[in-house]
Amino acid sequence: MSGRVAGTKLTGLLLSQVGPRVVYTSRIGSFADGVSNPGPTALGLARNWSTLASGVAKEEKPVEHPPGPAAAEDENNKGLGIVSYWGVAPPKVTKEDGSAWRWNCFRPWDTYKADTSIDIKKHHEPVNFMDKFAFLTVQALKYPTYLFFQRRHMCHAMLLETVAAVPGMVGGMLLHCKSLRRFEQSGGWIKALLEEAENERMHLMTFVEIAKPAWYERALVFAVQGVFFNAYFLAYLASPKLAHRITGYLEEEAVNSYTEFLIDLEKGKVENFPAPAIAIDYWRLPLDSTLKDVIKVIRADEAHHRDLNHFASDIQVQGHELKDYPAPLGYH
């Protein structure tokens, strides 16, 4: 009698463990056949999986179905569109002539005609200890890069742009955090500095279309950017006016570097390639533009960044805050 009672209890225990999973198995089969929402029963299986594994009975392995026509179609359409529950559809952007816009990294409203009439010879003379410290710091950073790259202008330009895009992003980020902490507006300087960072990044995207960096150049960029980002971050925390002055002098050196690039292009020491399509669309250049035209507009951009950062430093040197003076948004 005791054995029969024990057997009955054991049978009930097994049914209580296995019984609910019969329903789960049938539901999972329908999910594998294409049901988009597994439902609570499938979730219950996942939650009780460890209990099943420790029980007497063993769950059968799910049957792997071969990919059907729907899976093959999804594979062929990969990259053409994204189906999302959230209903966020990518905008359909076109040019003025109605043709499709080809770039995802920038939009037609981000494009502009560069002001190449800007004075490229302007220089901020160091007048105090901070200015001299910033100037000497940039000079100390300049000579090792010149020694390494010499007349390889394309590689030098790519390294330069990976560094030049850092100050605007760091400054904009820290001003953003400051605005949140103090519950105050920034005078547009957050956007102005982020515009500068984005513009420098577009310079890099243009050069990548022309020349592909070697592995050791990528490694150098990785190391230099890591050191410079952290150093500039600390410098901006300690003294924003010093950080902007350093950036102003960096941009002066960038202008000088692109001037030397143009000299070698005019002498024929560097091949004057046709301008890449991304540069033609971004700066609204004529279709027959060349690398020389691209370098001219990039140099003009660097000269504007020079003025912007020296101006930001001057505001703070004179005892004011950036938010008190409207930022020159769209200053190209």
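Side-chain contact between Glu125 and His123: present, with at least one pair of heavy atoms (C-beta onward) separated by less than 4.5 Å. Looking only at side-chain heavy atoms (C-beta outward), Thr247 and Glu196 come within less than 4.5 Å of each other. Residues Arg107 and Pro91 have side chains in contact (heavy-atom distance under 4.5 Å, counting atoms from C-beta outward). In this structure, the side chains of Leu329 and Trp189 stay at 4.5 Å or more apart for every pair of heavy atoms. No side-chain heavy atom of Trp103 sits less than 4.5 Å from a side-chain heavy atom of Tyr282. You'll find the side chain of His304 stays beyond 4.5 Å of the side chain of Asn199, heavy atoms only. Using a 4.5 Å cut-off on side-chain heavy atoms (C-beta onward), Glu321 and Glu184 make contact. Within the 4.5 Å cutoff, the side chain of Val93 has heavy atoms near those of the Pro108 side chain.
Taking a 6.0 Å sphere around NZ of Lys95, one finds it holds more than 12 heavy atoms contributed by other residues, nucleotides or ligands. Within a 6.0 Å radius of OH in Tyr112, more than 12 heavy atoms belonging to other residues, nucleotides or ligands are found. Within 6.0 Å of atom CG in Leu180, more than 12 heavy atoms from other residues, nucleotides or ligands are found, so the atom counts as buried in its surroundings. Heavy-atom contacts from other residues, nucleotides or ligands closer than 6.0 Å to CZ of Arg152 number more than 12. For Lys323, the NZ atom counts as densely surrounded, since its 6.0 Å shell holds more than 12 non-hydrogen atoms of other residues, nucleotides or ligands.
Under a 3.5 Å cut-off, the side chain of Ser289 and the backbone N or O of Leu285 do not form any donor-acceptor pair. Judged by distance alone, the side chain of Lys212 and the main-chain N or O of Val208 form a donor-acceptor pair under 3.5 Å. Of the possible donor and acceptor atoms, none in the side chain of Glu266 sits under 3.5 Å from a partner among the backbone N and O of Ile263. Asn230 contributes a side-chain N or O that, together with a main-chain N or O of Gly226, makes up a donor-acceptor pair within less than 3.5 Å. Listed for the Thr259 side chain is a donor-acceptor partner under 3.5 Å among the backbone atoms of Val255. Remark: side-chain polar atoms of Tyr232 are not paired, donor with acceptor, to backbone N or O of Val170 under 3.5 angstrom. For the pair Asn272 (side chain) and Leu291 (backbone), a donor-acceptor distance under 3.5 Å is present. Side-chain atoms of Lys113 come within 3.5 Å of backbone atoms of Arg284 as a donor-acceptor pair (strictly under, hydrogens ignored).
Trp283 and His203 have their aromatic ring centers within a separation under 6.0 angstrom.
At a threshold of 4.5 Å between side-chain heavy atoms, the hydrophobic network of Ile, Leu, Val, Met, Phe, Trp and Tyr places Leu174 and Tyr325 in one connected group. Hydrophobic cluster membership is shared by Ile278 and Leu204, with clusters built from Ile, Leu, Val, Met, Phe, Trp and Tyr side chains linked at under 4.5 angstrom. Hydrophobic cluster membership is shared by Met202 and Trp109, with clusters built from Ile, Leu, Val, Met, Phe, Trp and Tyr side chains linked at under 4.5 angstrom. Under a hydrophobic clustering in which Ile, Leu, Val, Met, Phe, Trp and Tyr are joined whenever their side-chain heavy atoms come within less than 4.5 Å, directly or via other members, Phe207 and Val221 fall into different clusters. Residues Val297 and Ile118 fall into different hydrophobic clusters, defined by Ile, Leu, Val, Met, Phe, Trp and Tyr side chains chained together at heavy-atom separations under 4.5 Å.
Val166 approaches Thr162 most closely through the heavy-atom pair CG2-O, 3.6 Å. Of all heavy-atom pairs between Leu265 and Val270, the closest is CD2-O, 3.5 Å. Of all heavy-atom pairs between Ala140 and Pro144, the closest is O-CD, 3.1 Å. The two residues Leu194 and Gly172 make their nearest non-hydrogen contact at CD2-CA, 4.2 Å. Closest of all the heavy-atom pairs between Leu308 and Ala192 is CD2-O, 4.4 Å. Shown here for Tyr249 and His124, the closest heavy-atom pair between the two residues is OH-O, 2.9 Å.
A salt bridge is absent between Asp314 and Lys241: the closest approach of a Lys/Arg side-chain nitrogen to an acidic carboxylate oxygen does not fall below 4.0 angstrom. A salt bridge links Arg201 and Glu198; the closest N-O separation between the charged side-chain nitrogens and carboxylate oxygens is under 4.0 Å.
Separation of atoms CG (Asn309) and CD1 (Ile246) is listed at 11.0 Å; rounding is to 0.5 Å. The CE atom of Met158 sits 11.0 Å away from the CG atom of Leu220 when rounded to the nearest 0.5 Å. Interatomic distance, Gln185 CD to Leu175 CG, rounded to the nearest 0.5 Å: 11.0 Å. Put simply, CG on Leu160 and CD on Glu302 are 6.0 Å apart, with the number rounded to the nearest 0.5 Å. Here the straight-line distance linking atom CE of Met154 with atom CG of Leu159 works out to 14.0 Å at 0.5 Å rounding. Residue Glu161 holds its CD atom at 6.0 Å from CD1 of Ile298, rounded to the nearest 0.5 Å.
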Quiz item: Val317 and Met130: side-chain contact (heavy atoms from CB on, under 4.5 Å), yes or no, with the steps?
Solution: CA-CA 10 Å; Val317 167; Met130 184 197 72; 3.7 Å; yes

Quiz item: Going through the distances and angles, do Thr94 and Ser99 end up as a side-chain contact (heavy atoms from CB on, under 4.5 Å)?
Solution: CA-CA 5 Å; Thr94 58; Ser99 59; over 6 Å; no

Practice problem: Would you check, one step at a time, whether the test salt bridge (Lys or Arg N to Asp or Glu O under 4.0 Å) holds for Asp281 with Arg102? | Solution: CA-CA 10 Å; Asp281 286 343; Arg102 72 174 88 179; 3.7 Å; yes

Quiz prompt | Derivation of the side chain to side chain donor-acceptor pair (under 3.5 Å) call for Glu200 and His305 | solution = CA-CA 9 Å; Glu200 297 283 9; His305 300 160; 2.8 Å; yes

Exercise. Decide side-chain contact (heavy atoms from CB on, under 4.5 Å) for Val227 and Phe222; before the verdict, give the C-alpha distance in whole Å, the side-chain angles of both, and the deciding distance to 0.1 Å.
Key: CA-CA 9 Å; Val227 173; Phe222 187 85; over 6 Å; no

Practice problem: Carefully, step by step, assess Ile280 and Leu287 under the rule side-chain contact (heavy atoms from CB on, under 4.5 Å). | Solution: CA-CA 7 Å; Ile280 292 176; Leu287 295 178; 4.0 Å; yes

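For the side chain to side chain donor-acceptor pair (under 3.5 Å) test, residues two or more places apart in sequence or in another chain that qualify with Gln139 are Lys142, Glu253. By the side chain to side chain donor-acceptor pair (under 3.5 Å) test, Trp101 pairs with no residue at all, sequence neighbours left out.
Just one of Ile120, Val294, Asn256 meets the side chain to side chain contact (heavy atoms under 4.5 Å, CB included) condition when paired with Arg299; it is Ile120. For the side-chain hydrogen bond (donor to acceptor under 3.5 Å, both in side chains) with Glu252, the qualifying choice from Lys121, Arg306, His310, Lys122 is His310, the only one to do so. Of the options Phe149, Tyr258, Phe261, a ring pair (Phe, Tyr, Trp, His ring centres under 6.0 Å) to His156 is made by Phe149 and by none of the others.
By the 30° and 60° cut-offs, the orientation of the rings of Tyr236 relative to His244 is perpendicular.
When hydrophobic side chains of Ile, Leu, Val, Met, Phe, Trp and Tyr are connected at separations under 4.5 Å, Trp215 ends up clustered with Tyr216.
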